[in-house]
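Report on the structure given below.
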Amino acid sequence: MSGIDPIDHIIWHKNTVSKDDKQKLNQHKSMMIWFTGLSGSGKSTLANALEKVLHAQGIRTYLLDGDNLRHGINKNLGFSLEDRQENIRRIAEVGKLFVDAGVIVLAAAISPFEIDRKAARDLFEASEFIEVYVKCSLDECEIRDPKGLYKKARAGEIKDFTGVSQPYEEPLSPELVLDTSTQSLDETLEQLFIFIKGRL
Ligand SMILES: Nc1ncnc2c1ncn2[C@@H]1O[C@H](COP(=O)(O)OS(=O)(=O)O)[C@@H](OP(=O)(O)O)[C@H]1O
Ligand SMILES: Nc1ncnc2c1ncn2[C@@H]1O[C@H](COP(=O)(O)OP(=O)(O)O)[C@@H](O)[C@H]1O
């Protein structure tokens, strides 16, 4: 290796139509709302419910769901620590493009490691990244088991399963914590909507 990074020869070209211009056209700010939590905690349910409310108010949104992206852009990734890191990196980078396009992005991914969530956060301006910890006890997630995955993980049919055979690190300083073990969907959605409305 020559020691010269190819990135040294790639110069950033500033786009003529800025993020600010796009936000003005949309008449709202753009941001990344990042949902993290155990499988079955309620990330997808809450993200879909919030998107529906925002969409009904004429707000431009896009939902990046970890499960869905693993059918396409992330289909070559598994659940090792390295693959999860790359999964989060891609979701965050794609989300950044949407935020740049003036859109409110909702990303729902387990994102179990603080270091990967921090790397995602660092791609955005401070006010643009809202980390929502969808908090739910492992016991309750296992009772819900909406996809039957905990049962399979306990039976040893799925390895590296978050909460069972791989850790979930609770967020250190999320913007919002929603406790779905003790509160209904309507209650948690209301808290979330009030918080986001204050940032629009
Ligand atoms: N080993 C293992 N561990 C955790 N989850 C697993 C695993 N294998 C498959 N699944 C299913 O994949 C969904 C998690 O994908 P994510 O992209 O959100 O994961 S991560 O952010 O990279 O940790 C997760 O979706 P949710 O249940 O919606 O969280 C599971 O349905
Ligand atoms: N307050 C709540 N918020 C979100 N989901 C909840 C809540 N209370 C119960 N649930 C239920 O928990 C399950 C969560 O599933 P899901 O949204 O797929 O989780 P995740 O995307 O985190 O894997 C759903 O069946 C949902 O109806």
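Counting starts at 1 for both ligands and their atoms, in listed order. Just so it is clear, the values below take in all heavy atoms, side chains as well, and ignore hydrogens, waters and symmetry mates.
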**Prompt:** For ligand 2, which atoms, with element, lie under 4.0 Å from some heavy atom of L38?
**Reply:** 22 (O)
**Request:** For atom 10 (N) of ligand 2, state which one of E140, R144, Q191, K135 supplies the nearest heavy atom.
**Result:** R144
**Item:** Taking atom 2 (C) of ligand 1 as the reference point, the nearest protein heavy atom with its distance
**Value:** F161 CD1, 3.3 Å
**Message:** Under 4.0 Å, heavy-atom basis, I'd like to know which part of T162 is in contact with ligand 1: side chain, backbone, both or neither.
**Reply:** both
**Message:** Using a 4.0 Å cut-off to any heavy atom of Q183, which atoms of ligand 2 qualify?
**Reply:** 1 (N)
**Item:** Polar side-chain atom of D21 near backbone of S18 as donor-acceptor pair, under 3.5 Å
**Value:** yes
**Asked** Between CG of L200 and CD1 of I59, what distance do you get to the nearest 0.5 Å?
**Response** 4.5 Å
**Prompt:** Nearest to atom 18 (O) of ligand 2, what protein heavy atom do you find, and at what distance?
**Reply:** S44 CB, 4.2 Å
**Prompt:** So is there a nitrogen or oxygen of K147 less than 3.5 Å from a nitrogen or oxygen in ligand 2?
**Reply:** no
**Prompt:** In the protein, what heavy atom is nearest to atom 26 (P) of ligand 1, and what distance, to one decimal place, separates them?
**Reply:** K147 NZ, 3.2 Å
**Request:** Without swapping roles, check the side chain of T180 against the backbone of C136 for a donor-acceptor pair under 3.5 Å.
**Result:** no
**Prompt:** V99 and K19: which non-hydrogen atoms are nearest, and at how many Å?
**Reply:** O-CD, 3.5 Å
**Item:** Proximity to ligand 1 by part of L38, non-hydrogen separation under 4.0 Å
**Value:** neither
**Message:** I want to check a possible cation-pi pair here: R89 against F113, using under 6.0 Å from ring centre and within 45° of the ring axis as the test.
**Reply:** no
**Item:** Side-chain (D116) to main-chain (I88) donor-acceptor, under 3.5 angstrom
**Value:** no
**Request:** State, to 0.1 Å, how close A107 and M32 come at their nearest heavy-atom pair, and which atoms those are.
**Result:** CB-SD, 3.7 Å
**Item:** Protein contact of atom 29 (O) of ligand 1 - nearest heavy atom, named by residue and atom, plus distance
**Value:** K43 NZ, 2.9 Å
**Fill in**
At under 4.0 Å between heavy atoms, what of K159 touches ligand 1? The answer is backbone
**Request:** List every atom of ligand 1 that sits less than 4.0 Å from any heavy atom of L149, numbering the atoms from 1 in the order shown and giving each element.
**Result:** 11 (C), 30 (C), 31 (O)
**Request:** Could you see which bit of F79 sits under 4.0 Å from ligand 1, with heavy atoms only: side chain, backbone, both or neither?
**Result:** side chain
**Asked** Sub-3.5 Å donor-acceptor pair from the side chain of D20 to the main-chain atoms of K24, do we have one?
**Response** no
**Prompt:** A109 heavy atoms, cut-off 4.0 Å: which ligand 1 atoms fall inside?
**Reply:** 18 (O), 21 (O)
**Asked** So F98 and Y62, would you call those rings parallel, tilted or perpendicular, with 30° and 60° as cut-offs?
**Response** parallel
**Request:** Check each atom of ligand 2 against the heavy atoms of S39 and keep those under 4.0 Å away; list them by number with element.
**Result:** 23 (O)
**Message:** As a check for students: among T162, T45, N48, identify the option with a heavy atom nearest to atom 17 (O) of ligand 2.
**Reply:** T45
**Item:** Contacting atoms of ligand 1, where contact means under 4.0 angstrom from a heavy atom of S39
**Value:** 26 (P), 27 (O), 29 (O)
**Request:** Would you mind checking if E140 and K135 are paired as a salt bridge, meaning a charged N to carboxylate O distance below 4.0 Å?
**Result:** no
**Request:** Give a yes/no verdict on whether any heavy atom in L185 is under 4.0 Å from an atom of ligand 2.
**Result:** yes
**Prompt:** Any idea which protein heavy atom is nearest atom 19 (O) of ligand 2, and the distance to it?
**Reply:** G42 N, 3.1 Å
**Request:** Would you check whether S184 reaches within less than 4.0 Å of ligand 2, judged by its heavy atoms?
**Result:** yes
**Asked** For atom 22 (O) of ligand 1, what's the nearest protein heavy atom and its distance?
**Response** N87 ND2, 2.7 Å
**Asked** To the nearest 0.1 Å, how far is atom 23 (O) of ligand 1 from its closest protein heavy atom, and which atom is that?
**Response** R84 NH1, 2.8 Å
**Message:** Under a 3.5 Å cutoff, is there a donor and acceptor pairing between the side chains of Y168 and T36?
**Reply:** yes
**Message:** As an exercise, identify every atom of ligand 2 less than 4.0 angstrom from a heavy atom of T188.
**Reply:** 1 (N), 2 (C), 3 (N)
**Fill in**
So CG of L64 and CG of L69: to nearest 0.5 Å the spacing works out to 5.5 Å
**Message:** When you compare ligand 2 with P146, is there at least one nitrogen or oxygen pair between them that comes in under 3.5 angstrom?
**Reply:** no
**Prompt:** Got a salt bridge between D65 and K43, using NZ or NE/NH1/NH2 to carboxylate O under 4.0 Å?
**Reply:** no
**Asked** To which of G40, A109, A108, A49 does the heavy atom nearest atom 14 (C) of ligand 2 belong?
**Response** G40
**Prompt:** How far is atom 1 (N) of ligand 1 from its nearest protein heavy atom, and which residue and atom name does that atom have?
**Reply:** D160 O, 2.9 Å
**Fill in**
The answer for which part of K43 has a heavy atom under 4.0 Å from ligand 2 is both
**Asked** Does the protein put any heavy atom within less than 4.0 Å of atom 25 (O) of ligand 2?
**Response** no
**Request:** Measure the distance from atom 15 (O) of ligand 1 to every protein heavy atom, then report the residue, atom name and distance (to 0.1 Å) of the closest one.
**Result:** R70 NE, 3.2 Å
**Request:** Determine, for R199 against E175, whether the closest basic-nitrogen to carboxylate-oxygen distance falls under 4.0 angstrom.
**Result:** no
**Item:** Step-by-step side-chain hydrogen bond (donor to acceptor under 3.5 Å, both in side chains) determination, E51 to T61
**Value:** CA-CA 7 Å; E51 185 176 39; T61 57; 2.9 Å; yes
**Item:** Any donor-acceptor N/O pair, R60 side chain to N26 backbone, under 3.5 Å
**Value:** no
**Message:** Just by distance, no angles: are the side chains of T162 and R84 close enough, under 3.5 Å, to form a donor-acceptor pair?
**Reply:** yes
**Prompt:** Under 4.0 Å from ligand 1, counting heavy atoms only, is it the side chain of D83, its backbone, both or neither?
**Reply:** neither
**Message:** I'd like to check whether L46 has a polar contact with ligand 2, where a contact means an N/O of the residue lying under 3.5 Å from an N/O of the ligand.
**Reply:** no
**Atoms of ligand 1, numbered as shown, that sit under 4.0 Å from any heavy atom of P112** = 23 (O)
**Request:** Measure from the side-chain N and O atoms of R70 to the backbone N and O of G78, and report whether any donor-acceptor pair falls under 3.5 Å.
**Result:** yes
**Request:** Please indicate whether any nitrogen or oxygen in I91 is less than 3.5 Å from any nitrogen or oxygen in ligand 1.
**Result:** no
**Closest protein heavy atom to atom 21 (O) of ligand 1, given as residue, atom name and distance to 0.1 Å** = S111 N, 2.8 Å
**Prompt:** Which distance, rounded to the nearest 0.5 Å, do you find between the CG of L123 and the CD of E93?
**Reply:** 4.5 Å
